[in-house]
Structure formats: C-alpha cells, structure tokens
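Read the structure below first, then the notes.
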Amino acid sequence: MTAERPAPISDLKITDVEAIYLRLPQVKQQCDSGQDALIVKVTTDAGVVGYGEVDSAPMAAKWVIEGPFSHTTATGLKHVLIGEDPFRTEWLWHKMYRANIYGGRRGVGLHAISGIDLALWDIKGKALGMPIWKLLGGGFARTLRPYASSLFGATPEETGERARRFVGQGFTAVKFGWDPMGQDARTDVALVREARKGLGPDADLMIDAGLVYDAKTAIQRARAFEQFDPYWFEEPLSPDDYEGYAKLSAASPLRIAAGEEESERKSFVQLMDVGKVDVVQVDLTRCGGFTEAMKIASLAADRGLPVVNHGFTTYLNVAAALHFLASVPNTLGLLEFVVEEGTTLRHSISEPIAAVDGRVSVPDAPGLGLALNEEGIARFRVA
Ligand code: MG
C-alpha cells in the first residue's frame with residue numbers, strides 16, 4: 001500500500017507472526033473441529049504477545065501466513081506485518097487483503113487474516129490494559145445466554161437423552177446438528193421430536209441440518225418441524241445455494257440461520273440480500289476477525305437482522321465471540337457454546353470459559369482476556 005504513514009500512536013512494532021498447528025495424536029472421522037487448531041501468535045518488540053485462531057484447512061492457512069515473500073499481491077502475510085504498528089488494525093487489514101488478493105478475497109486467505117486480526121486486537125487490549133469489547137466501543141451486554149451446541153445422537157432416543165442431560169446442566173437452549181439428519185423424513189422428524197421431548201417445553205431448540213437438503217425438501221422439513229417449536233433451522237442447504245435460501249426463507253415458518261461458511265462482508269451481503277436469511281452467523285476465526293465482523297454486524301443491523309456467533313473450536317474463538325457480541329446492538333443475546341467433550345485439545349490450551357448459572361460473562365481482562373497454557377500448546381504442536 002502506498003498510503004502516507006501517519007504519526008505513530010504507539011511505540012509497538014510487530015517482530016514476528018507465527019501460525020501454530022495443534023493436533024491430537026488421533027484425529028477421528030467425526031464432526032468435531034476441536035480435534036486440531038491453528039493458533040496465531042503475534043509478537044511485538046515491547047514483549048506484548050497477541051493470540052488469535054483460524055478455523056480453516058489448518059496447514060493451508062499456516063502457509064498463507066508464513067509462506068515466502070512472492071510478489072506484492074500474493075505473499076505470505078507475515079512479510080507485510082513485521083515492523084508495523086499493531087494498533088493500526090484497519091490499515092493492516094487492508095494491507096493483508098491486498099497482499100493476498102489472488103487467493104485471499106474469500107476462503108482460506110480471509111481465514112488467515114481473521115486469526116491475525118484477532119491477535120492484533122489482543123495486543124491492543126493488552127498494551128492498553130483494556131478488554132477488546134471496550135476498545136470496540138461496546139458494552140451492550142456483560143453476559144450472554146449460552147446454548148449448548150452439540151451433535152445429534154446416533155438415534156432419536158440418544159438425542160433425547162442428550163437433551164435431558166444438557167437441560168440438567170442448566171442450559172436453557174440447545175442445538176443439535178449434522179448426522180444422522182438428512183437420511184429420510186421419518187428419521188429427521190423423530191430426531192427433532194425426541195430432542196424436544198428431552199428438552200421439555202421451555203428450553204429453546206436449534207436444529208443444524210448440516211447442508212443436506214435441496215430447497216424443496218428443506219421447506220417440507222421446516223413445516224414438519226414447526227410443531228416442535230424450533231428457535232431456528234440452520235444451514236439446511238449448500239452455502240452457495242443463495243437462490244435456494246431465498247425460496248426457503250420465503251416459505252419457512254422457522255427462522256433460517258446461516259453464515260458460518262462465509263468470509264468477508266460482501267459474501268454476507270449476498271447471504272442477506274439474495275439468500276434472505278433471518279439469523280446471520282459470524283465466525284470470528286473465518287470472517288475477517290473483529291475488523292470485518294463489526295462491519296458485517298452493521299450491515300446486518302441495517303437490514304433488521306440479528307447476528308450470532310459460530311464457533312466449534314477452542315476458547316479463543318469463544319472469547320473473541322464474547323467481545324464481538326458485547327459490542328454490537330443487534331444480537332439475540334445468545335452464545336454458541338460447545339459441549340462436545342470427546343477431545344482434550346479444547347481444555348489443554350487455555351483456561352476454560354465456563355457457564356455460571358446459565359450465563360457466560362464477557363471477559364474484563366485486557367485483550368481477549370484469555371490466559372493460554374503454553375505447556376498445552378507445546379504438547380500438541382505438530383507444525
Ligand atoms: Mg452450524
């Protein structure tokens with residue numbers, strides 16, 4: 001970028017950008033992205049270190065960050081960051097976007113930018129002794145209502161048992177997703193029926209279909225599920241089927257939620273303006289970080305739409321979501337909160353973020369407000 005550099009607002013300089021790939025010894029064929037993680041670590045000359053996370057194809061994102069200097073519009077992102085002032089998050093976002101413009105306007109390139117942007121905001125907060133929500137000018141909420149985010153059981157009955165367990169743990173909202181939904185109408189309806197039975201009449205129930213239907217089938221399912229009073233019906237269609245989402249949203253008695261596959265604000269505009277979804281799901285580790293998420297939330301607010309977070313990875317993602325959701329007016333007051341504990345990675349790399357009395361507090365400690373466990377990171381690091 002050729003913009004004139006204004007007078008520095010801080011004395012910090014970025015000295016290193018690292019993408020750390022963590023992986024359990026055995027990664028199973030299951031829908032749990034907590035089995036591995038790509039953590040971004042940005043170091044400054046003042047000793048302030050920021051962390052972020054990327055939820056993507058991990059090694060592809062690592063090379064977007066750490067790859068060699070190639071030429072001005074296709075280069076490893078670290079080369080355009082080192083020596084720069086980490087406080088200039090907006091300017092650095094655009095510098096990264098331009099440095100990565102062949103491969104990075106969507107998808108893995110944007111995912112990589114996301115993790116770095118989170119780490120830069122973490123540095124700003126730590127350097128100033130302030131939580132990120134305050135730097136973003138927020139404070140709309142100090143706590144959020146977590147919904148237990150889980151997978152369907154192998155059978156409808158097992159799904160009902162899980163539902164009873166989560167309500168017993170104090171959750172007032174629960175989401176079930178993916179397999180075995182999508183096999184046939186009878187099973188799909190039984191899964192939702194047993195989920196509702198297990199939850200009882202009061203808890204909110206979200207259904208995450210897992211990209212399994214065409215628009216007509218999704219409309220049939222939305223109508224069949226309505227009797228069980230779901231709060232939203234998430235990702236029934238392929239993310240590129242924006243026209244299908246439009247048909248579904250027009251015909252569905254249920255709120256339609258989507259957005260976790262999107263990166264960068266213009267793809268969210270397409271989802272909102274063409275797809276006509278009702279709930280906009282923003283993953284801070286994919287969409288472009290805080291810098292982009294705040295714009296997405298603003299675009300959603302202009303359309304009268306709420307944003308929610310998406311996150312199925314580590315507590316870095318949860319912490320980022322808490323700061324974001326506390327900083328925008330158009331939320332549902334809900335927080336996606338993973339309860340799948342089939343893996344140890346999530347609990348080995350940082351202090352846990354816990355639900356207390358059915359609420360999760362927005363961190364008040366500086367930056368993301370999450371203490372990472374360097375030993376745990378070293379233990380699971382493979383690249
Ligand atoms: Mg989902």
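First listed ligand is number 1; within each ligand, the first listed atom is number 1. No hydrogens, no waters, no symmetry mates; every other heavy atom, side chains included, goes into these values. Index from 1, following the sequence.
- Of all N, O or S atoms in Asp208, the one lying closest to the Mg ion (ligand 1) is OD2.
- Between the side chains of Asp240 and Ser238, no donor-acceptor pair of N or O atoms lies under 3.5 Å.
- Considering just the N/O/S atoms of Glu234, the one nearest the Mg ion (ligand 1) carries the name OE2.
- A donor atom on one side chain and an acceptor atom on the other are found under 3.5 Å apart for Asp208 and Trp178.
- At least one N/O/S atom of Glu260, whether from backbone or side chain, sits less than 2.8 Å from the Mg ion (ligand 1).
- Taking the centre and axis of the six-membered ring of Tyr21, the NZ or CZ atom of Arg381 falls outside the cone set by 45° and 6.0 Å.
- Side-chain contact check for Asn309 and Asp283: no donor-acceptor pair (N or O, by modelled atom type) lies under 3.5 Å.
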